There are 2 protein chains.
Amino acid sequence: MARIPAPERRAALVQAALRVVSQRGIAHATTRAIVAEAGMSLASFHYAFDSRDELIDELITTVVAREQEAVLPDDLQGHDIRDMLEAGLLRYFEHLRADPEHEQAMLELTQYALRSPERHPLAVAQYARYTELGARSLSAAAELAGVVWSTPVEQVARVLIAFTDGLTLTWLVTRDDDVAQAVAHAAADALSRMAEPR
Amino acid sequence: MARIPAPERRAALVQAALRVVSQRGIAHATTRAIVAEAGMSLASFHYAFDSRDELIDELITTVVAREQEAVLPDDLQGHDIRDMLEAGLLRYFEHLRADPEHEQAMLELTQYALRSPERHPLAVAQYARYTELGARSLSAAAELAGVVWSTPVEQVARVLIAFTDGLTLTWLVTRDDDVAQAVAHAAADALSRMAEPR
DNA sequence: ACTGAAGTGGGACGATCGTCCCAGTCGCAT
DNA sequence: ATGCGACTGGGACGATCGTCCCACTTCAGT
C-alpha cells in the first residue's frame with residue numbers, strides 16, 4: 001500500500017464513508033466497510049481517526065460545508081419572481097433526480113445527528129447552512145425581479161428549505177415526477193406571495 | 001412471567017418496539033432492547049416472531065394502518081378553504097409538538113424501509129395511506145367551503161403530504177415554532193390556489 | 001388425574017462490531 | 001548511509017448482535 005500522510009487519508013476516508021452511506025445507508029457504514037471502500041486496512045483508519053464517531057462527525061461537517069447553491073442557481077431565469085422560484089426549485093429537483101442517493105444520505109445523516117445530544121448541533125448547523133444558501137439565492141432573485149421580501153429573507157429561506165425537504169422526502173419514496181413538479185409549482189406560488197413590488 | 005398467547009405477545013412486542021424506536025432510534029431497537037421494554041425474555045420474542053425483520057415489518061404495517069386523520073380533522077373551521085387548510089395544518093403541527101418522537105420514529109422507519117428492496121413497498125404503502133387520509137380530508141374541506149379541486153384531489157393530497165413532511169423535518173431539527181407556522185401559512189396559501197369556486 | 005401442546009427461562013452459538021496492539025517497513029532529514 | 005518518526009498490515013480483544021436450543025412449567029381438553 002502506498003504511504004499516504006494522515007491528513008490526506010482522513011479526506012479519503014471521509015469520501016469513502018460518503019460513498020458507503022449513499023449506497024448502503026449509515027447503518028452499513030461500519031469501519032470495515034469504509035476502509036474496504038477506501039482500499040485501506042483497519043489500522044490506517046484508527047491512525048487517521050480516533051474513532052468512528054469522529055469520522056462521522058467530520059463527514060457531516062465536510063458534506064455540509066461543501067454543499068453548493070443547488071437551489072436557485074446563478075443564471076436565474078423567468079419573467080417574474082414566481083417563475084424564477086419555480087425554475088430554481090425545478091433545477092433542484094433535477095439535481096435530486098441526478099443523484100438521489102446523495103440526498104438520501106444527507107437525510108440519514110441529519111436523522112443520525114438528531115439522535116444524540118452531542119451531535120444535535122451538527123444537524124442544526126446543517127440547516128443553518130441551508131438557510132444561508134437559500135437566503136442568498138432568494139435575495140439575488142428578488143433583486144433581479146425588482147421586488148422586496150415583505151418578511152425577513154432568512155424566514156423566507158427557512159420556508160423554502162422546508163418545501164425542498166418535503167419535495168425530497170416525498171419523491172425519494174414515491175419517485176413520482178409529476179407530484180414533485182406540482183410541489184415545486186405550489187411552493188413557488190406560496191413563496192412568491194411573500195414578496196411585494198419595490 | 002404471566003403466560004400470554006402468541007398473538008397478544010406479538011402486539012405487545014410491536015408496541016414495545018415502537019416505544020424503543022421513538023425514544024432511542026431504530027438503530028438501538030435491538031431484540032434485547034425490545035424485550036426489555038416489553039418485560040419479556042428473548043425466547044418469548046422468537047416464539048412470537050421468526051426474526052427481528054419480521055417484527056420491524058409488522059411494526060411499520062401496524063403503525064401505518066393505525067395512523068389517524070391528524071391532518072385536517074373533522075371539525076373543520078374557517079371562513080374559506082384557505083383558512084380551513086391553515087387551521088388543519090396548524091392542528092397537525094400541534095400534534096407534532098405534542099409527540100415529536102413519534103413523527104421522528106415514522107421518519108426513521110420510512111428511511112429504513114427505503115434501504116432494502118424487499119421493504120421498499122412498505123414505504124410506498126405508507127405514503128399511499130397518507131395520500132388516502134389527506135384526500136379524504138381535502139374532499140371534506142372542499143365540500144364545506146363550497147369549492148372544487150381543479151386538480152384531482154389525490155394529486156392535491158400528495159402535495160399536502162410533501163408540505164407536511166417538510167414542516168415536520170424542519171421543525172424536528174430547528175424546533176422553530178415561528179417557521180413552522182410560516183410554513184403552514186404558506187402551504188395553505190398554495191393549496192387553496194388549487195381549488196376553484198363550485 | 002393425565003397428557004400433550006403452548007409458552008417460558010436461561011444459557012449458549014457464531015458473526016460482526018469498534019477498537020487496539022505491535023512488529024515491521026518506508027521515506028526524509030541529517 | 002543511517003537513524004528516527006511516520007505509516008502499514010494482520011491479528012486479536014471484549015462487547016454486542018440475532019438466533020437457537022433445551023429443560024422446564026403451565027394450562028386446556030379429556
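So you know, we letter chains A, B, ... as the sequences are listed, proteins then strands, and number each from 1. Computed from a predicted model, the values in this text were never measured in an experiment.
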| said: Taking the basic N atoms (NZ, or NE/NH1/NH2) and the acidic carboxylate oxygens, is any pair closer than 4.0 Å for Glu54(B) and Arg10(B)? | reply: yes
| request: Would you mind classifying the nucleic acid contact of Thr30(A) as base, sugar-phosphate or nothing, using non-hydrogen atoms under 4.0 angstrom? | output: sugar-phosphate
| request: Tell whether Arg3(A) reaches the base of dC26(C) with its side chain through a donor-acceptor pair below 3.5 angstrom. | output: yes
| request: Answer yes or no: is there an ion pair linking Arg158(B) with Glu154(B), defined by an N-O contact shorter than 4.0 Å? | output: no
| query | Between dC20(C) and His46(A), is there an OP1 or OP2 to side-chain N/O distance shorter than 4.0 Å? | reply | no
| request: Give Ser41(B) one of three labels, base, sugar-phosphate or nothing, depending on what nucleic acid heavy atoms sit under 4.0 Å from its own. | output: base
| field | Minimum-distance nucleotide to Ala6(A) side chain [options: dG18(D), dC7(D), dT19(C)] | value | dC7(D)
| said: Does this structure show an ion pair linking Glu94(A) with Arg91(A), if we count only N-O contacts that are shorter than 4.0 Å? | reply: no
| query | Between dC22(C) atom C1' and Tyr47(A) atom OH, what is the distance in whole Å? | reply | 14 Å
| task | Round to the nearest Å and state the distance from Phe45(A) atom CZ to dG10(D) atom P. | result | 18 Å
| Note: Glu67(A)-Arg129(A) ion pair, threshold 4.0 Å (strictly below) | no
| query | Nearest to the side chain of Ala43(B), which nucleotide is it out of dG9(C), dC21(C), dT19(C)? | reply | dG9(C)
| note | Separation of dG11(D) atom P from Leu42(A) atom CG, nearest Å, is 12 Å
| query | What's the CD1-P distance between Ile56(A) and dT19(C), to the nearest Å? | reply | 10 Å
